[in-house]
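One is the number of the first residue; the rest follow in order along the sequence.
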Amino acid sequence: MRQESGYGYKRRSNLKTNYYIDGNTVRRLEGEPAERKRRQQEKEEEQKKRRHRRAARRNQERALRINFGYVLFCTLAMSLIGAVCVAYIRLQSDITNRTKNISSLERQITDLRADNDAAMKRIDLSTDLDAIKEQALALGMRFPSPDQIIYYSVEDNDFMDQHSDIPE
């Protein structure tokens, strides 16, 4: 075996090998097969992790991209939500206004009834029934005699129809 400048050559084939001879040290081989297998698995796992990270990054970038259809969809959705909100607020305002109007009308009815009752009492107090009775008797009116009073029976109705004149 011959040596040139520290590199190992095979005598018969004159091919260069993949190790370097440095003095009297023994060259180290790749290691045991189990160790090689473990290193290979670690390397594969690291590559898988890198691929997954790259795929996740691509998916995130794709998800973050905004295209025209998505913008149009979001714009339409927001417009629809805005229209619904405006319609809801208008309905609420209309209900509030109607409630206030009803309260105002009820207050007016109460005031008119109170005024009407006060006017009726004033009328009742202003008329003197005894003075009216005396005036009627002075003008010739008399109380009816028992044979002049005619009684009518009213069945289930609140009113009665008159088909002929009342006898005198």
Side-chain angles (χ1 to χ4, degrees), residues 1-127 129 152-163:
M1 193 171 175
R2 68 178 196 197
Q3 291 183 351
E4 290 182 12
S5 68
Y7 288 99
Y9 287 91
K10 289 189 177 181
R11 185 174 197 196
R12 290 187 187 151
S13 63
N14 288 335
L15 295 176
K16 188 175 176 183
T17 59
N18 289 333
Y19 57 88
Y20 179 78
I21 298 174
D22 186 22
N24 61 356
T25 59
V26 176
R27 64 177 180 246
R28 185 172 168 207
L29 297 176
E30 291 246 342
E32 299 176 15
E35 180 70 21
R36 256 187 284 152
K37 193 175 190 181
R38 185 185 59 79
R39 286 181 190 163
Q40 184 66 23
Q41 286 177 347
E42 287 176 358
K43 205 183 271 188
E44 288 174 1
E45 287 176 9
E46 183 65 29
Q47 288 175 351
K48 280 183 184 179
K49 286 181 184 178
R50 277 192 219 134
R51 273 185 297 203
H52 288 302
R53 284 184 197 134
R54 275 189 243 127
R57 191 177 312 121
R58 278 192 308 254
N59 288 340
Q60 286 175 347
E61 289 172 0
R62 192 177 308 134
L64 291 176
R65 275 190 240 134
I66 299 176
N67 58 13
F68 180 72
Y70 182 69
V71 170
L72 182 66
F73 171 74
C74 287
T75 303
L76 290 175
M78 291 302 291
S79 299
L80 182 65
I81 289 172
V84 167
C85 288
V86 167
Y88 179 75
I89 290 172
R90 282 185 182 170
L91 285 175
Q92 285 293 91
S93 174
D94 190 37
I95 289 172
T96 304
N97 288 337
R98 287 181 189 223
T99 304
K100 288 180 181 178
N101 189 20
I102 289 171
S103 297
S104 172
L105 292 174
E106 286 177 346
R107 202 173 317 114
Q108 286 178 359
I109 288 173
T110 305
D111 292 343
L112 289 174
R113 281 191 182 153
D115 291 344
N116 193 20
D117 290 342
M120 187 65 142
K121 283 216 185 253
R122 207 172 39 248
I123 290 170
D124 287 342
L125 292 176
S126 68
T127 56
L129 294 179
Y152 294 96
S153 64
V154 179
E155 295 177 7
D156 293 336
N157 295 332
D158 290 0
F159 61 92
M160 188 172 117
D161 291 338
Q162 182 179 348
H163 296 287

Would Leu72 and Leu76 count as a side chain to side chain contact (heavy atoms under 4.5 Å, CB included) here? Give the steps. CA-CA 6 Å; Leu72 182 66; Leu76 290 175; 4.2 Å; yes
Separation between CD (Glu45) and CD (Gln47), nearest 0.5 Å, reads 11.0 Å
Rounded to the nearest 0.5 Å, the CD1 atom of Ile123 sits from the NZ atom of Lys121 at a distance of 12.5 Å
*Keeping the roles fixed (side chain from Ser104, backbone from Lys100), state whether a donor-acceptor pair exists under 3.5 Å.*
no
Contacts satisfying salt bridge (charged side-chain N to carboxylate O under 4.0 Å, His left out) that involve residues 105-116 (not counting sequence neighbours) are none
Any side-chain heavy-atom pair from Val71 and Thr75 closer than 4.5 angstrom?
yes
d(Asn101 CG, Leu105 CG) to nearest 0.5 Å is 4.5 Å
Output for pair (His52 NE2, Lys48 NZ), nearest 0.5 Å, gives 7.0 Å
- Task: I would like to know whether Lys43 and Arg39 meet side chain to side chain contact (heavy atoms under 4.5 Å, CB included); could you show each step before the answer?
- Result: CA-CA 6 Å; Lys43 205 183 271 188; Arg39 286 181 190 163; over 6 Å; no
Separation between CG (Asp117) and CG (Asp124), nearest 0.5 Å, reads 10.5 Å
### Verdict with reasoning, Asn116 to Leu112, per side chain to side chain contact (heavy atoms under 4.5 Å, CB included)
CA-CA 6 Å; Asn116 193 20; Leu112 289 174; over 6 Å; no
When rounded to the nearest 0.5 Å, the distance separating OG1 of Thr96 from CG of Leu91 is 10.5 Å
* Asked: Arg53 versus Lys49: any side-chain heavy-atom pair under 4.5 Å?
  -> yes
Q. Ion pair present between Asp94 and Arg90, side-chain N to carboxylate O less than 4.0 angstrom?
A. no
